[in-house]
Amino acid sequence: KDMASLNVRPATTHPQATQEICGMEEMIRTLIEKGYAYESQGDVYFRVEKSHNYAKLANKTLEDLELGASGRTDEETARKENPVDFALWKAAKPGEISWDSPWGPGRPGWHIECSVMATEILGDTIDIHGGGADLEFPHHTNEIAQSEAKTGKTFANYWMHNGFVNVDNEKMSKSLGNFVTVHDMLQTVDGQVLRFFLATQQYRKPINFTEKAIHDAEVNLKYLKNTHSLPLTEQVNQAELQTYLDAFQEAMDDDFNTANGVTVLFDMAKWINSGNYDQTVKDAFEKMLQVFGIVFEEEVLDEDIEKLIEERQAARANKDFATADRIRDELAAQGIKLLDTKEGVRWTRD
């Protein structure tokens, strides 16, 4: 329900790690058979040194990682061939939930479940893999290592790691007590406003959540909505329209630079408000908005308000400006703002 409020399309499947234990065991057996993994006292570890370009995703080298881990003396490190090897299967401790396996009762490691679910549902190579910047290493690094060791194919073509959300310039975290869920936020903030706020920053960069930022997003989105609801004008200069389309595509092709895309959107809205708004412009404007998940429903005025607007127009035509001003004020009190233009009267809702 929360995702629907943000206009996020529903997923086609929702895999559960506990339903894929057999697939994990099979993948681990394959890695052992191929020499990429080994069993040690009920645990199974991945031989990192056999992985091609390990940690390249996080711009780290195996040598640096081994140097950093060289001083470890804990019990688990003693069971590994190399301190940087990571767990594929962990032997169960007393009281832990566990599953039977060829290596004894235990549970899967943190990384193996994602590789199994991803490749079983999406194939050996997936197109886009997302996640927070904090998952780049070791989680996504290890996903790549174990998946490519098994299949011999590229695990993911593109990696999209999103930046963190800060609250009043501090990192959002439960420990600081400034953690806000989408569900709670939607009790006071419209879903489209929240989504538009998130789109104002390129996804890899951190974004600062403040009451002012949300208010600004609400005001700006209302401006775009009012622009969208303007009446159509005569045919416009198609070459001018194309400049906005080209600039928008250039921004979005630059690693989904939504911040620059939003700037183009507002430049185009200003151009529209200066009288350039035929059906081709409206169609293009809607497609650009839809890229950000924003959809404006056509708003229809009720009969009483339409009648008041008609009465005001008649009063203006008869030069009865006192009556026209009184009706304008009456409509304003109901949130309807009128704008007289050469194409006729326009209205927006505050």
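Every heavy atom of this structure was used, including side-chain atoms; hydrogens, water molecules and symmetry mates were not. Sequential numbering from 1 along the given sequence is applied to the chain's residues.
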Look at the aromatic rings of Tyr223 and Phe266 and report parallel, tilted or perpendicular, splitting at 30° and 60°.
parallel

Would you name the heavy atoms of [X] and [Y] that are closest together and state the gap between them?
X      : Y      : result
Leu308 : Ile327 : O-CG2, 3.4 Å
Met117 : Pro15  : SD-CB, 3.6 Å
Val48  : Asp85  : N-OD1, 3.1 Å
Ala17  : Met24  : O-CE, 3.2 Å
Glu136 : Ala58  : OE1-CA, 3.8 Å

Going by an N to O cut-off under 4.0 Å, is there a salt bridge joining [X] and [Y]?
X      : Y      : result
Arg204 : Asp255 : yes
Asp216 : Lys212 : yes
Glu33  : Lys150 : no
Glu303 : Lys307 : no

May I have the step-by-step check of salt bridge (charged side-chain N to carboxylate O under 4.0 Å, His left out) for Lys90 and Glu76, ending in yes or no?
CA-CA 10 Å; Lys90 295 289 292 180; Glu76 182 180 26; 2.7 Å; yes

Below 6.0 angstrom between ring centroids: does that apply to His140 and His161?
yes

May I ask you to decide if [Y]'s main-chain N or O and [X]'s side chain share a donor-acceptor pair within less than 3.5 Å?
X      : Y      : value
Ser40  : Asp43  : no
Ser147 : Ile144 : no
Asn178 : Lys171 : yes
Glu96  : Gly106 : no
Glu75  : Ala78  : no
Thr258 : Ala199 : yes
Asp278 : Glu234 : no
Asp184 : Val180 : no
Asp254 : Glu250 : no
Lys34  : Ala149 : yes

Show which side-chain atoms of residues 1-11 pair as donor or acceptor with protein atoms under 3.5 Å away, not counting sequence neighbours.
unit_1 : atom_1 : unit_2 : atom_2 : d
Asp2   : OD1    : His183 : ND1    : 3.1
Asp2   : OD2    : His183 : ND1    : 3.1
Ser5   : OG     : Lys1   : O      : 3.1
Asn7   : ND2    : Gly293 : O      : 2.8

Joint hydrophobic cluster, [X] plus [Y], side-chain heavy atoms closer than 4.5 Å:
X      : Y      : answer
Met160 : Phe164 : no
Val116 : Ile32  : yes
Phe155 : Ile112 : no
Leu135 : Ile207 : no
Leu198 : Val219 : no

Residues, nucleotides or ligands: over 12 heavy atoms within 6.0 Å of [X] [atom1]:
X      : atom1 : result
Gln235 : CD    : no
Phe256 : CZ    : no
Gln242 : CD    : yes
Ile97  : CD1   : no

Assess whether side chain to side chain contact (heavy atoms under 4.5 Å, CB included) is satisfied between Asn220 and Leu224, documenting all intermediate values.
CA-CA 6 Å; Asn220 290 334; Leu224 294 177; 5.8 Å; no

Of Tyr38, Tyr54, Phe86, the one forming a ring-ring contact (aromatic ring centres under 6.0 Å, His included) with Phe46 is Phe86

Before giving the answer on side chain to side chain contact (heavy atoms under 4.5 Å, CB included), spell out for Ser115 and Gln146 the whole-Å C-alpha distance, their side-chain angles and the decisive distance to 0.1 Å.
CA-CA 8 Å; Ser115 289; Gln146 64 199 13; 2.8 Å; yes

Evaluate the salt bridge (charged side-chain N to carboxylate O under 4.0 Å, His left out) criterion for residues Lys222 and Glu218: first the C-alpha distance (whole Å), next the side-chain angles of each, then the deciding distance (0.1 Å), finally the verdict.
CA-CA 6 Å; Lys222 185 176 293 185; Glu218 184 176 16; 5.4 Å; no

Separation between OG1 (Thr227) and CZ (Phe296), nearest 0.5 Å, reads 8.5 Å

Derivation of the side chain to side chain contact (heavy atoms under 4.5 Å, CB included) call for Glu148 and Thr154:
CA-CA 6 Å; Glu148 296 186 355; Thr154 298; 4.1 Å; yes

Does any pair with a residue in residues 119-133 pass side-chain hydrogen bond (donor to acceptor under 3.5 Å, both in side chains), and if so which ones, sequence neighbours excluded?
Asp124-Lys153, Asp127-Asn157, His129-Glu143

I want to check something: taking the side chain as every heavy atom from C-beta on, are Val264 and Met288 in contact at a cut-off of under 4.5 Å?
yes

